Trainee: 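One structure, pasted below without further comment.
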Amino acid sequence: EVQLVESGGGLVQPGGSLRLSCAVSGFTVSGNYMNWVRQAPGKGLEWVSLINSGGSTYYADSVKGRFTISRDNSKNTLYLQMTTLRAEDTAVYYCARAKGAQWLSFDYWGQGTLVTVSS
Amino acid sequence: DIQMTQSPSTLSASVGDRVTITCRASQSISSWLAWYQQKPGKAPKLLIYDASSLESGVPSRFSGSGSGTEFTLTISSLQPDDFATYYCQQYNSYSSITFGQGTRLEIK
């Protein structure tokens, strides 16, 4: 059975840092195109970042230079390191798997973890 | 970035109705478009990918069409479980993945 379980969310002050984790079972993180997608309270979906099977990474302009996506193949876990956090980064963060290299639609999602940036 | 515009923002309909949601891209995205359903407090669920391919396990009352800049999601006969928010998503390039603003489908 496929499962994606996010953790690491919480309350952080503006300018602070946080690392999110997404533990995956049922497929390998290293063999798939993995993503982070966020949703601010009451708002729509925003793609944040992607890491492909080759290890190349891509970011939305809104987080470029502040967020880093990575993976630990031995733990089959995806990460999102977030630094210099702003109030506008407050959101539920989902990890999601893309169907494939050409099909960047997301077929498996985690339950989400809430990040709140506030003083 | 490619902008995705959905219409309408809110749609009121009854069980059994046929409904259509439209998504327009600011530039051509070929058929690189997906549709999702999201219910409150839950993760989105993939319905359609590549504009018209039905995801495994999704009821056949859902269908997608379009290419280039204009796309539609149609639900042929609304069921009670279908009242939710729907999003389109374009994936024309790895560094530019964007979603529409969402369409809330509510019970009339």
Side-chain angles (χ1 to χ4, degrees), chain A residues 1-6 9 20 22 24 32-65 67 69 91-114, chain B residues 1-10 21 23 25 29-58 62 64 66 71 73 84-105:
Chain A
E1 183 192 7
V2 171
Q3 273 198 310
L4 293 80
V5 180
E6 300 97 336
L20 306 183
C22 173
V24 174
N32 285 272
Y33 283 48
M34 298 299 298
N35 298 262
W36 289 98
V37 177
R38 68 185 180 182
Q39 186 169 35
K43 302 298 184 182
L45 301 166
E46 181 187 16
W47 173 78
V48 172
S49 184
L50 175 156
I51 182 167
N52 70 15
S53 54
S56 295
T57 59
Y58 304 85
Y59 299 92
D61 287 344
S62 59
V63 307
K64 203 172 293 183
F67 290 11
I69 190 172
V92 173
Y93 284 73
Y94 297 99
C95 60
R97 186 188 83 162
K99 287 182 69 67
Q102 282 185 288
W103 305 279
L104 297 180
S105 51
F106 307 138
D107 57 356
Y108 289 105
W109 296 67
Q111 85 288 350
T113 187
L114 176 63
Chain B
D1 277 2
I2 298 173
Q3 308 302 316
M4 305 301 292
T5 304
Q6 287 182 234
S7 60
S9 295
T10 306
I21 299 169
C23 183
I29 56 170
S30 184
S31 296
W32 303 122
L33 185 105
W35 289 97
Y36 299 85
Q37 177 193 70
Q38 187 180 33
K39 296 182 178 179
K42 300 294 187 182
K45 174 186 175 182
L46 178 63
L47 302 174
I48 302 285
Y49 64 97
D50 290 358
S52 60
S53 296
L54 190 68
E55 176 68 356
S56 176
V58 174
F62 292 92
F71 302 85
L73 172 71
T85 299
Y86 292 84
Y87 294 93
C88 62
Q89 173 222 352
Q90 68 81 19
Y91 44 97
N92 188 60
S93 76
Y94 290 173
S95 59
S96 174
I97 297 170
T98 50
F99 291 87
Q101 82 279 14
T103 294
R104 184 183 170 209
L105 178 55

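All of these numbers come straight from a predicted model, not from anything done at the bench. All values below come from the heavy atoms of this structure, side chains included, with hydrogens, waters and symmetry mates left out. Every chain is numbered from 1 and lettered A, B, ... according to where its sequence line falls, protein lines coming before strand lines.
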Trainee: Contact part of B:Gln38 toward chain A, heavy-atom cut-off under 4.5 Å: side chain, backbone, both or neither?
Mentor: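 Interface part for B:Gln38: side chain.
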
Trainee: Tell me if a side-chain donor or acceptor on A:Asn52 pairs with a main-chain N or O of A:Gly54 at a distance below 3.5 Å.
Mentor: yes

Trainee: Say whether, by atom type as modelled, one donor and one acceptor occur between the side chain of A:Glu6 and the main chain of A:Cys22 under 3.5 angstrom.
Mentor: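 Here the side-chain-to-backbone pair does not exist.
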
Trainee: Tell me, for A:Lys43 versus chain B, whether the close heavy atoms (under 4.5 Å) come from the side chain, the backbone, both or neither.
Mentor: backbone

Trainee: Please look at B:Pro44 and chain A and tell me whether the side chain, the backbone, both or neither of the residue comes under 4.5 angstrom of a heavy atom of that chain.
Mentor: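 It is both, since atoms from each part get that close.
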
Trainee: Look at A:Gly44, A:Gly110, A:Ala60 and state which one has the largest set of heavy-atom pairs under 4.5 Å with chain B.
Mentor: A:Gly44

Trainee: Can you see whether B:Gln89 engages B:Tyr36 through a side-chain donor-acceptor pair at a distance of less than 3.5 angstrom?
Mentor: yes

Trainee: Heavy-atom distances under 4.5 Å only: say whether A:Val92 touches chain B with side chain, backbone, both or neither.
Mentor: neither

Trainee: Side chain, backbone, both or neither: which part of A:Leu50 has a heavy atom under 4.5 Å from chain B?
Mentor: side chain

Trainee: Between the side chains of B:Glu55 and A:Lys99, is the shortest nitrogen-to-carboxylate-oxygen separation below 4.0 Å, so that they form an ion pair?
Mentor: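 Answer for the salt bridge query: yes.
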
Trainee: I'd like to know if the side chain of A:Thr113 reaches the main chain of A:Tyr93, judged simply by a donor and an acceptor atom lying under 3.5 Å from each other, with no hydrogens or angles considered.
Mentor: no

Trainee: Classify the ring geometry of B:Tyr86 against B:Phe62: parallel below 30°, tilted from 30° to 60°, perpendicular beyond 60°.
Mentor: tilted

Trainee: Between A:Gln111, A:Gln39, A:Lys64, which residue shows the highest count of heavy-atom pairs closer than 4.5 Å to chain B?
Mentor: A:Gln39

Trainee: Checking heavy atoms, do the side chain of A:Tyr59, its backbone, both or neither come under 4.5 Å from chain B?
Mentor: backbone

Trainee: Under 4.5 Å from any heavy atom of chain B, what part of A:Glu46 do you find: side chain, backbone, both or neither?
Mentor: backbone

Trainee: Is there a donor-acceptor contact under 3.5 Å from the side chain of A:Ser49 to the main chain of A:Tyr58?
Mentor: yes

Trainee: Where on B:Asn92 is there a heavy atom nearer than 4.5 Å to chain A: the side chain, the backbone, both, or neither?
Mentor: neither

Trainee: Are more than 12 heavy atoms, taken from residues, nucleotides or ligands other than B:Lys42, located less than 6.0 Å from that residue's NZ atom?
Mentor: no

Trainee: Do you know which of A:Leu104, A:Thr57, A:Val37 has the most heavy-atom pairs under 4.5 Å to chain B?
Mentor: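 Most heavy-atom pairs within the cutoff with chain B belong to A:Leu104.
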
Trainee: Examine whether an atom of A:Tyr94 lies under 4.5 Å from a heavy atom of chain B, and if so say whether it belongs to the side chain, the backbone or both; otherwise answer neither.
Mentor: side chain

